[in-house]
Structure formats: structure tokens, C-alpha cells
Amino acid sequence: MLTVDFDRLGLSAGERLLDLGAGGGRHAFEAMRRGARVTALDYSAADLKDVAAVAGGMIAADEITEDQWAGVANGDALDLPFADGSFDRVIISEVLEHIWDDERVLAEVARVLRPGGRLAATVPTRWPERVSWALNHRYHDTPGGHVRIYRQRDLEARVERAGFWLRGSHHAHALHSPYWWLKCAYGLDNPDAAPVRRYHDFLCACIERNPAWARTAERALNPVLGKSLVVYAERVPPAAERHREPIGG
């Protein structure tokens, strides 16, 4: 289940991609299938161990080449362990809402991304997120929980301040919003509640079978119900950076 549209990201074979906050590695694996050379970074060493195991299996199955797997990095988004301009593309999916100093994270992304490189940043969409916060305070008031709700214009302004030109946006995963509302309503630690379990099974069936009706329904609902907001941006070249007017100027 991908949140980022790789065609809109403009990823080409051979490009260097950083999956920042890789989690289970879903975007990293797809990027390698498309021929990119991928580095997966996460704060969780356990998640990275699983990502490395899957990547190894993909290599063994000749699904990707060894050159397409640059490995994992156990690190902090606030201080990325990479040189300036190390990557052609960066994905940071469902990460910024967990970090207080999100502007520093975006500045670090800009630093490690080459001029003209592209960023895809995803966060929870505002109004579905507000419903979850209202239903259950533990959804956000817990270690590792969400620390803010983004308005689209606020996220875009942060991205621009970090040194990017905006290159479009969309929403994704409309069918997932009701699942999280059910989770919050019946208890985040209560996955066996009948409505939660049934809706979870429905989502799994949609992901596994990918029926045409579900794809059509989600495309229609995404603009109003999409769980995730995806913003695409391009790293401003240094020469253009010097001539940019300040935001609001």
C-alpha cells in the first residue's frame, strides 16, 4: 500500500533515493523495483532489521540487483548522517507529525537532497485527523503519538521555507480514515472489537485483491476523505535560492 505516487515524484532508474522514516519499507521496496538505489533510514532498529531482511530476499530472488540496495541507517531525522546533496529523491511519509521540530527535519532533507532533486512528504489530512483526536486522546497524547495537525497551507509554507518549490499535492487512502475512527472509538488497544476487526478484514481484502470498484471509490473519495496528504516539492538550486523573495514578500 503506497502513499506516494512515484510518477509524480519523477523517480528514474539509477537515482539515489532516501526513504526517511522507512518503517516497514513499503516505499523503499517499490523504489528499488523501479530501479532506484535506495537507503532506508529509521529511528527503530527493529524495523530496519525487517527491511534489510526483505531487501535481501528481493536480491536473492533476482527481483532487484545488489546495486539497488544501499542499505539501512539507524538515525535521527533531526541530524541525518549523510553528506550534502547525497540523494536525488527523498520520501518522508507519515513522520513529520511525530516530531516537534519539523522545520529542522525539512532543513536536513533539503541539505541532503541535491539541487533540483525532488521531495515527497506525507502527513495525516487535517479533518480526518481532527476526528481521531476528538474520539480518543491517546491517539495523540502518548509517547510516539502525533504532536500536531497540519493544515495543507501550513505544511506547504514549511516546505517552501526549507528551500523548495512546490510541485503539487493530492490525498490518499480515503478507505482508511473510517478504520482509524473505529480504532479510536473502540480503543486503540482493542483490535478484537467486532467493528474494528471486520473493517480491518475489509481493508486487507481490498489491498490483496485490489478490485476495480475499490480503486474507483477511493479515487472519488480521496479529495474529501483521504487519510493522507501528499506534497511534492523540488529543491531550489543555490542560484535561484539567492534571488527568491521571502514568503509573504
Side-chain angles (χ1 to χ4, degrees), residues 2-23 27-28 30-31 34 36-43 70 73-126 129 146-172 228-249:
L2 300 174
T3 305
V4 171
D5 182 331
F6 279 81
D7 293 330
R8 297 186 70 165
L9 182 61
L11 181 68
S12 299
E15 289 187 322
R16 305 160 299 169
L17 180 137
L18 172 64
D19 188 2
L20 200 172
H27 288 112
E30 178 63 20
R34 290 173 177 251
R37 179 168 172 79
V38 175
T39 301
L41 180 142
D42 204 277
Y43 196 72
N74 187 202
D76 189 337
L78 295 166
D79 187 17
L80 295 175
F82 308 110
D84 295 0
S86 294
F87 298 97
D88 303 295
R89 300 288 186 269
V90 174
I91 293 174
I92 180 166
S93 183
E94 310 300 305
V95 172
L96 292 170
E97 69 274 13
H98 295 276
I99 301 176
W100 284 108
D101 196 354
D102 59 341
E103 298 212 41
R104 178 171 172 179
V105 175
L106 289 169
E108 277 290 277
V109 170
R111 180 184 65 78
V112 303
L113 190 59
R114 67 163 174 81
R118 292 265 178 139
L119 162 70
T122 92
V123 299
T125 303
R126 179 175 175 79
E129 185 78 344
H146 297 183
V147 300
R148 73 176 60 77
I149 299 175
Y150 286 97
R151 294 180 185 272
Q152 180 167 344
R153 64 175 179 265
D154 293 337
L155 175 60
E156 291 176 339
R158 284 170 162 85
V159 169
E160 287 187 305
R161 283 196 296 271
F164 290 90
W165 286 318
L166 298 175
R167 290 292 182 255
S169 64
H170 63 85
H171 293 84
S228 295
L229 163 68
V230 189
V231 170
Y232 301 90
E234 179 181 339
R235 180 71 175 96
V236 175
E241 181 76 28
R242 289 195 293 272
H243 298 290
R244 285 203 314 168
E245 290 186 3
I247 292 176

With sequence neighbours left out, write down each residue that passes side-chain hydrogen bond (donor to acceptor under 3.5 Å, both in side chains) with Ser169, or none if nothing qualifies. Gln152
What pair of heavy atoms forms the shortest contact from Ala110 to Ala162, and how long is it? CB-O, 3.3 Å
Has Thr39 got a side-chain atom pairing as donor or acceptor with Leu18's backbone, closer than 3.5 angstrom? no
What pairs with Pro81 under side-chain contact (heavy atoms from CB on, under 4.5 Å), at least two apart in sequence or on another chain? Leu41
Would you say the side-chain atoms of His27 pair up with the backbone N or O of Val4, donor to acceptor, closer than 3.5 Å? yes
Has the side chain of Asp88 got a donor or acceptor atom that lies under 3.5 Å from a matching backbone atom of Arg16? yes
Tell me every residue that passes salt bridge (Lys or Arg N to Asp or Glu O under 4.0 Å) with Asp84, counting only those two or more places apart in sequence or in another chain. Arg111
Who passes side-chain hydrogen bond (donor to acceptor under 3.5 Å, both in side chains) against Glu15, sequence neighbours left out? none
Considering non-hydrogen atoms only, spot the tightest contact between Thr3 and Glu94 and give its length. CG2-OE2, 4.5 Å
side-chain contact (heavy atoms from CB on, under 4.5 Å) with Arg8: which residues, sequence neighbours excluded? Asp5, His170, Tyr232
Would you name the heavy atoms of Phe87 and Leu17 that are closest together and state the gap between them? CD2-C, 3.8 Å
Set of residues satisfying side-chain hydrogen bond (donor to acceptor under 3.5 Å, both in side chains) with respect to Arg34, sequence neighbours excluded: Asp7, Glu30
Kindly write out the residues that satisfy side-chain hydrogen bond (donor to acceptor under 3.5 Å, both in side chains) with His146, not counting sequence neighbours, or none if the list is empty. Glu129
Give a yes or no on whether the backbone of Leu11 and the side-chain of Arg118 come within a donor-acceptor separation of less than 3.5 Å. no
Restricting to salt bridge (Lys or Arg N to Asp or Glu O under 4.0 Å), what partner residues turn up for Asp19, sequence neighbours left out? none
Show the nearest heavy-atom pair for residues Leu155 and Leu229, with the distance to one decimal. CD2-CD2, 4.0 Å
Nearest heavy-atom neighbours spanning Arg158 and Asp102: NE-OD2, 2.7 Å
Can you name the side-chain contact (heavy atoms from CB on, under 4.5 Å) partners of Ser86, sequence neighbours left out? Phe82, Ala83
Arg235 side chain to Leu119 main-chain N or O, any donor-acceptor pair under 3.5 Å? no
Just jot down the salt bridge (Lys or Arg N to Asp or Glu O under 4.0 Å) partners of Glu103, sequence neighbours excluded, or say none. Arg161
Can you give each donor-acceptor pair under 3.5 Å made by side-chain atoms of residues 73-80, sequence neighbours left out, with the distance rounded to 0.1 Å?
unit_1, atom_1, unit_2, atom_2, d
Asn74, ND2, Asp42, O, 3.0
Asn74, ND2, Tyr43, O, 3.1
Asp76, OD1, Leu78, N, 2.9

